[in-house]
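Note that this is a predicted model, so its numbers are computed, not measured. Here is the naming used below: chain letters follow the sequence lines, and residue numbers restart at 1 for every chain.
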Amino acid sequence: MTRRPTHWLLKSEPHVFSFDDLWRAKKRTTPWDGVRNYQARNFMRDSMRAGDPILYYHSSCDEPGVAGLAEVASEPYPDALQFDADSKYFDPKSDPDDPRWILVDVRAVRKLPRPVTLKAIKAEPRLAKMGVVQKGSRLSVQPVTAAQFRVVLELAGVEE
DNA sequence: GCCAACGTTGGC
DNA sequence: GCCAACGTTGGC
């Protein structure tokens, strides 16, 4: 029996939208819009459910790594930007009756006592199979196992 | 800024 | 359906 993944890692470029930006957002929540990759969309549409825990990962910055904890804050629903002609994420080929791009809301849950850098992840044998350390992995929405999630919390100094 | 790895597009 | 060209990602 295949069970759906329940733990996640989301990438964001901090100079575009950092964990602190999410923390300061209204209700600490934002729609995870602008994802235009089918694999990432499929995870949001088919597997993510409200309450799933998320590692919020900063990429393309001085110190890449997990910057905070978040959670899925809605069920999946269509990304409004795909129908906004003024948005860079406008998709003229998306049919309003059958939207192509589906997202979930994301809510910041807690800051970490210390961030878990990519360097630290690479140095931790128990995280050798995490997506972010696989060569060429560019997926911005990806599952992590519950065990990997726990190890990251441990490295972050989170007491359970 | 470089560049390898990857995804998407479009001609055929 | 193939695959070259192109655009993007993301660590370094």
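Rounded to a whole Å, the OH atom of Tyr38(A) is 15 Å from the P atom of dT9(C). Atom CD of Gln142(A) is separated from atom P of dG10(C) by 9 Å (rounded to the nearest Å). Look at CG on Leu118(A): it is 10 Å from C1' on dG10(C), rounded to the nearest Å. Going from atom CZ of Arg36(A) over to atom P of dG7(B) covers 18 Å, rounded to whole Å. In this structure, CD of Glu13(A) is placed 7 Å from P of dG10(C), rounded to the nearest angstrom. One interatomic measurement links the two molecules: CG of Leu9(A) to P of dG10(C), which rounds to 10 Å at whole-angstrom precision. Atom pair Gln134(A):CD and dC6(B):P shows a separation of 11 Å (rounding to whole Å applied). In this structure, Arg41(A) places its CZ atom 14 Å from C1' of dG7(B), rounding to the nearest Å.
In terms of phosphate contacts, Ser60(A) brings no side-chain nitrogen or oxygen within less than 4.0 Å of OP1 or OP2 of dG10(C). Between Tyr57(A) and dT9(C), a side-chain N or O to OP1/OP2 separation shorter than 4.0 Å is absent. Contact annotation: Lys122(A) side-chain N/O to dC12(C) OP1/OP2 distance is under 4.0 Å. For the pair Lys135(A) and dA5(B), the criterion of a side-chain N or O lying under 4.0 Å from OP1 or OP2 is met.
Leu10(A) and Met48(A) make their closest contact through CD1-CE, 3.6 Å (heavy atoms, listed as atom of the first residue, atom of the second, distance). Here the shortest heavy-atom pairing between Gln82(A) and Pro99(A) reads NE2-CB, 3.7 Å.
The CZ atom of Arg28(A) sits 11.0 Å away from the CD atom of Glu71(A) when rounded to the nearest 0.5 Å.
In this structure, the ring of Tyr56(A) has its center less than 6.0 angstrom from the ring center of Trp32(A).
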Should Lys27(A) and Asp105(A) be marked as a salt bridge (charged side-chain N to carboxylate O under 4.0 Å, His left out) after you check the CA-CA gap, both sets of side-chain angles, and the distance that decides it?
CA-CA 11 Å; Lys27(A) 296 185 183 174; Asp105(A) 288 347; over 6 Å; no
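Each of Lys93(A) and Arg138(A) has a nearest nucleotide on DNA chain B; the 5'-most of these lies closest to Arg138(A).
Side-chain atoms of Lys11(A) lie closest to dG10(C) of the nucleotides dC12(C), dA5(B), dG10(C).
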